[in-house]
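This report concerns only the one structure given below.
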Amino acid sequence: MTTSVVSVTVDLVLLTIRHGALQVLLIRRGIEPYLGRWALPGGFVLADESLEEAAARELREETGLDPRAGHLEQLATYGAPGRDPRGRVITVAYLALLPDLPSPVAGSDAASASWHPVDDVELAFDHDRILADGIERARAKLEYTPLATAFCPPEFTVAELRAVYETVWRTRLDPRNFHRKVTGAEGFVEPTGGTVIRDRGRPAQLFRRGPATLLHPPLLRSAAG
């Protein structure tokens with residue numbers, strides 16, 4: 001019976017909304033394998049750190065972004081033989097939902113780092129599959145949790161929140177129905193008492209995320225309008 005050395009990595013699916021599109025943060029690999037190809041940020045887990053610590057470290061090292069800037073959760077584990085030409089490598093992927101942030105700064109083994117529309121990429125390793133799983137997780141969680149607010153600044157209008165749902169779900173939502181459902185979901189959003197004028201329009205009420213962890217009732221994609 002023979003045994004093989006198994007290495008563990010973490011990969012990060014970092015999603016934000018920029019210029020009206022759902023975008024993912026990618027690094028251009030500066031080393032082999034896949035030199036010059038775009039990939040998700042990530043790297044090997046060190047012997048003295050947890051998976052969560054490794055994910056936070058890779059985020060800082062490869063992009064210069066603060067892991068506390070948005071929502072971060074474990075997505076899935078990927079371990080198909082041959083997924084990494086360097087040997088037997090199992091990766092634990094993490095999903096982050098972030099507000100619009102400045103352009104990242106590459107480091108470590110990344111030649112560059114930048115935001116890309118999620119439909120405009122072809123990735124190294126099995127990162128296409130990991131990205132697809134991350135996008136679907138984000139779309140599903142927007143139905144029954146308040147995580148859409150992770151894409152927003154601390155204070156936002158209902159119209160700005162609706163734009164998040166429309167961008168992630170790729171569908172148009174009826175403004176009045178959406179407003180009713182959002183403000184009617186217990187603990188989803190709460191008014192700040194302030195207003196703002198966007199694009200020379202009428203004053204709009206400002207909200208912030210409420211205390212709820214689940215939406216009651218959920219904002220189902222099948223009944224979004």
Side-chain angles (χ1 to χ4, degrees), residues 1-16 23-116 118 121-138 140-141 145-147 149-151 154 209 213:
M1 180 177 179
T2 60
T3 60
S4 59
V5 176
V6 178
S7 299
V8 179
T9 61
V10 291
D11 287 308
L12 307 172
V13 180
L14 309 175
L15 301 177
T16 195
Q23 300 201 12
V24 61
L25 184 64
L26 301 177
I27 59 99
R28 189 182 293 278
R29 289 187 56 78
I31 61 173
E32 293 288 0
Y34 301 110
L35 176 66
R37 290 276 300 277
W38 290 106
L40 298 172
F44 288 95
V45 178
L46 303 181
D48 61 347
E49 63 184 357
S50 68
L51 294 171
E52 291 76 15
E53 290 169 342
R57 174 181 55 79
E58 287 293 340
L59 179 60
R60 287 190 298 265
E61 287 182 356
E62 297 208 33
T63 69
L65 297 179
D66 188 335
R68 299 168 297 179
H71 172 80
L72 182 68
E73 67 175 62
Q74 193 172 121
L75 174 61
T77 301
Y78 302 83
R83 62 170 301 274
D84 191 317
R86 292 170 292 191
R88 191 75 168 96
V89 178
I90 295 173
T91 195
V92 181
Y94 282 79
L95 171 67
L97 309 181
L98 306 166
D100 189 3
L101 296 171
S103 297
V105 178
S108 184
D109 59 356
S112 61
S114 58
W115 297 100
H116 295 254
V118 296
V121 292
E122 183 177 342
L123 305 181
F125 303 103
D126 55 354
H127 290 183
D128 288 312
R129 176 191 172 190
I130 298 174
L131 174 58
D133 290 348
I135 293 170
E136 183 49 41
R137 170 74 68 84
K141 295 206 76 167
T145 77
L147 284 181
T149 58
F151 290 112
R209 177 175 173 170
T213 56

Under a plain distance cut-off of 3.5 Å, with no hydrogens placed, do Tyr78 and Asp133 share a side-chain donor-acceptor pair?
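Distance-only check passes for Asp133 and Tyr78.
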Using modelled atom types and a 3.5 Å cut-off, is there a donor and acceptor pairing between side-chain atoms of [X] and backbone atoms of [Y]?
X: Arg209; Y: Leu147; value: no
X: Arg137; Y: Leu75; value: yes
X: Ser7; Y: Val89; value: no

Within the structure provided, determine whether Gln74 and Glu52 are in side-chain contact (heavy-atom separation under 4.5 Å).
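The answer is yes; the side chains approach within 4.5 Å.
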Do Leu97 and Lys141 have side chains that approach each other closer than 4.5 Å (heavy atoms only, starting at C-beta)?
no
In Å and rounded to the nearest 0.5 Å, what is the [atom1] to [atom2] distance from [X] to [Y]?
X: Asp11; Y: Glu58; atom1: CG; atom2: CD; value: 8.5 Å
X: Ile135; Y: Ile130; atom1: CD1; atom2: CD1; value: 12.0 Å
X: His71; Y: Thr145; atom1: NE2; atom2: OG1; value: 7.0 Å
X: Ser114; Y: Leu25; atom1: OG; atom2: CG; value: 7.5 Å
X: Leu51; Y: Thr77; atom1: CG; atom2: OG1; value: 8.0 Å
X: Asp84; Y: Ile90; atom1: CG; atom2: CD1; value: 11.5 Å

Are Thr91 and Arg83 close enough, and set up right, to give a side chain to side chain contact (heavy atoms under 4.5 Å, CB included), and what steps lead you there?
CA-CA 10 Å; Thr91 195; Arg83 62 170 301 274; 3.4 Å; yes
For the student: nearest non-hydrogen atoms of [X] and [Y], plus distance:
X: Val10; Y: Tyr94; answer: CG1-CE1, 4.2 Å
X: Gly134; Y: Val13; answer: CA-CG1, 4.3 Å
X: Pro33; Y: Arg29; answer: O-NE, 2.7 Å
X: Arg88; Y: Gly79; answer: NH1-O, 2.6 Å
X: Leu14; Y: Ala96; answer: CD2-CB, 3.3 Å

Only distances under 3.5 Å count here; give the side-chain donor-acceptor pairs of residues 34-45 to other protein atoms, sequence neighbours excluded, each with its distance to 0.1 Å.
unit_1, atom_1, unit_2, atom_2, d
Arg37, NH2, Leu123, O, 3.0

Are there more than 12 heavy atoms of other residues, nucleotides or ligands under 6.0 Å from atom CD of Glu122?
no
